[in-house]
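Whatever order the structure lists ligands and atoms in, that order sets their numbers, starting from 1. Since the structure is predicted, the reported quantities are computational estimates derived from the model, not experimental observations.
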Amino acid sequence: MSKDYKQSSETLLHGEFGVYPSKGIRYALSLTPTGLHIQRLVPKPEDDQRTVLPILDMVGCHTMRSRGSIDVFAYFSIYSYPLKKKKVAMGSTRTRQRLVRTFRVDEAADYEQNQVIAEKWATAIKCLIQGVPISIDTEISPTLQPKARRLMLLLNPCGGRGNALQQCHTHILPIITEADISYNLVQTERQNHARELVQSINLDEWDGIVVISGDGLLFEVINGLMERPDWEDAIKMPIGILPCGSGNALAGAVNYNAGFDQAMGSELLLNCILLLCRGTVMPMDLVSVTTCSGARLFSFLSIAWGFISDVDIESEKYRHMGSARFTVGTMVRVASLRTYRGRLSYLPVLDAHRPICRSITLSPNGNLSPLKRSQLHRTISDMGLCEERNVMCKRSSATFDTAELPSFETSPSPGSPTALHTSRFTFDSVSDDQMQQDLLLPNDKESPTHNHVNGPEDDLLPPLNEPVPKSWVTVEEDFVLVLGIYQSHLGADLFTAPFSCFDDGLIHLFFVKAGISRTALVRLFLAMEKGTHIGLECPYLVHVPVRAFRLEPLTRKGILTVDGERVEYGPIQAQIHHGLSNIISGSDRIRITAF
Ligand code: ADP
Ligand code: MG
């Protein structure tokens with residue numbers, strides 16, 4: 001038997017308990033590092049009836065006393081969200097449902113002793129949920145309890161279909177309260193509000209900043225952190241995402257990294273809440289992007305030009321549809337397919353096989369700096385909810401349904417005709433006024449780029465008006481799209497770079513050349529849902545792992561996006577910065593993928 005197997009099956013705690021509400025039923029419980037094994041003792045079942053509550057489905061455990069404290073019993077309630085089969089119109093699907101199991105500790109004659117036992121079980125369960133190592137030899141005492149984490153939640157009321165606040169009240173706040181997470185919830189009032197807010201807050205007060213929105217709000221948070229004078233420490237603040245937007249790519253990547261099946265909507269949200277409750281943090285690469293005006297910004301997801309950025313921005317008008325807006329936008333754009341001429345230069349990574357994802361487990365509360373709490377000005381906080389924890393919860397035994405490689409194109413060697421074609425800036429520069437007229441969507445919102453110069457040096461990038469180094473490869477083409485992506489997902493159901501992981505140090509550069517038929521393009525996007533598009537070996541699709549790239553649009557009109565947010569149109573360049581930030585991934589899976 002392997003050591004790991006022994007460890008996962010060893011019994012850490014064992015005991016016999018009653019239940020709440022008491023119906024004369026008794027159970028034997030055994031807690032192992034992976035689950036709570038429950039066996040009914042009284043009334044004795046005909047068969048050896050056992051159930052297991054996996055730790056991975058649990059979010060928290062609270063001890064309680066019955067209201068009025070007329071009895072000597074202590075209780076502990078375990079909150080979990082297992083996947084259950086649910087009937088839907090066309091068959092069945094698996095959805096997470098809340099399940100609370102409450103056990104009564106009645107071994108001793110007085111409440112205090114029973115409470116000590118209940119507390120011991122709660123401590124052990126919370127340690128297992130949050131990855132605090134405990135073994136059979138660990139003395140389980142309250143001092144072992146992971147400290148309650150304190151998160152700043154930033155909610156965009158306009159994200160997705162505009163129901164983030166509702167999701168917050170129905171799904172997010174109840175669950176994170178069960179996980180002992182303390183929070184301050186701030187609703188953003190306008191674009192860039194979150195960006196400005198994180199520039200000025202005292203980060204020592206927080207164990208993480210979590211956005212309740214789409215990827216756009218996280219883009220604001222990352223850039224706000226990088227704009228601080230203490231950016232080097234600030235950007236290490238664990239950041240997380242609870243998907244309530246229409247573009248939920250990072251949530252898709254977090255979900256995939258944890259080994260869950262691809263999910264959308266409330267299923268994806270519930271998976272991400274569960275992972276947030278676990279709290280494990282992993283390093284995540286960021287990409288430094290320089291736009292044509294010299295503005296520098298930081299990106300965690302993608303840089304897009306052509307088909308993808310057109311769909312992203314032009315589908316804003318279908319925002320009420322949620323993520324379906326991208327499907328409609330795709331159909332519209334396929335119908336009138338555009339091509340764009342441009343020069344793409346990149347620094348290929350020739351040894352980019354077998355990227356290894358490693359997670360680091362920071363302190364259980366994900367905290368990187370000593371905590372100094374100060375008075376908070378709350379928009380909404382958890383104060384009232386906390387007080388209810390030690391009171392027997394009437395709904396405790398109820399359940400409720402929460403549902404409502406790719407073909408590398410051989411890179412031309414340096415010295416080959418294309419490689420020699422290094423960039424000379426030939427984009428027909430236009431005045432700001434002209435540029436404004438040239439934009440496809442004249443009423444589009446302001447570009448989110450702010451000038452800032454903080455951040456690590458871009459040692460791979462020459463200034464944008466100088467040629468790229470000789471070691472780079474340059475192609476000049478008519479493109480349907482160019483995409484630099486550094487996450488596995490471009491949307492919750494767009495598994496664009498299956499081999500990518502949070503800190504592989506790579507930009508996965510994709511481009512689709514003009515000449516592809518509409519059918520072939522649709523086929524690529526349909527296959528992308530399962531990540532099988534690369535296996536189609538479409539000759540128009542090229543993927544190259546790179547560390548840096550420069551894109552010079554030669555077509556005068558167009559849309560460029562960074563993390564789904566529109567930026568100024570013109571030459572743009574980018575380089576990866578390995579593991580610059582920390583993402584709350586909730587999973588300590590070490591995923592090794594090969595090209
Ligand atoms: P979605 O995925 O639905 O696009 P995002 O989180 O990407 O959701 O947000 C969309 C845009 O809304 C982003 O540009 C973000 O900066 C902006 N934004 C954030 N808060 C607000 C607000 N209160 N009002 C309007 N726009 C906002
Ligand atoms: Mg967005």
I need the atoms of ligand 1 closer than 4.0 Å to a non-hydrogen atom of T188, numbered in the order shown.
19 (C), 20 (N), 21 (C), 22 (C), 23 (N)

Indicate yes or no: does E565 engage R195 in a salt bridge with an N to O separation below 4.0 Å.
no

Quick check on D261: does its CG atom have over 12 non-hydrogen neighbours (other residues, nucleotides or ligands) under 6.0 Å away?
no

Could you list which atoms of ligand 1 come closer than 4.0 Å to a heavy atom of E565?
7 (O), 13 (C), 14 (O)

Would N192 count as a polar contact of ligand 1, with the cut-off being nitrogen or oxygen pairs under 3.5 Å?
no

Under 3.5 Å: N/O of L217 near N/O of ligand 1:
yes

Any donor-acceptor pair under 3.5 Å from N223 side chain to F219 backbone:
yes

For G159, take its heavy atoms, then give the atoms of ligand 1 lying under 4.0 Å from any of them.
3 (O), 8 (O)

Quick check: C158 and ligand 1, any N/O pair under 3.5 Å apart?
no

Could you check whether R333 makes a cation-pi contact with F525, meaning its NZ or CZ is under 6.0 Å from the centre of the six-membered ring and within 45° of the ring axis?
no

Any idea which of S213, G245, S246 brings a heavy atom closest to atom 5 (P) of ligand 1?
S213

Ligand 1 atoms in contact with G247 (distance to a heavy atom under 4.0 Å):
2 (O)

Contact between ligand 1 and R319 is defined here as a heavy atom of the residue under 4.0 Å from a ligand atom; is it met?
yes

Report yes or no: does E220 have a heavy atom closer than 4.0 Å to ligand 1?
yes

Parallel, tilted or perpendicular: rings of H489 and F495 (30°, 60°):
parallel

One thing to verify: whether R566 and E316 come together as a salt bridge, which I'm taking to mean a side-chain N less than 4.0 angstrom from a carboxylate O.
no

Is a side-chain donor-acceptor pair under 3.5 Å present for S299 with Y486?
yes

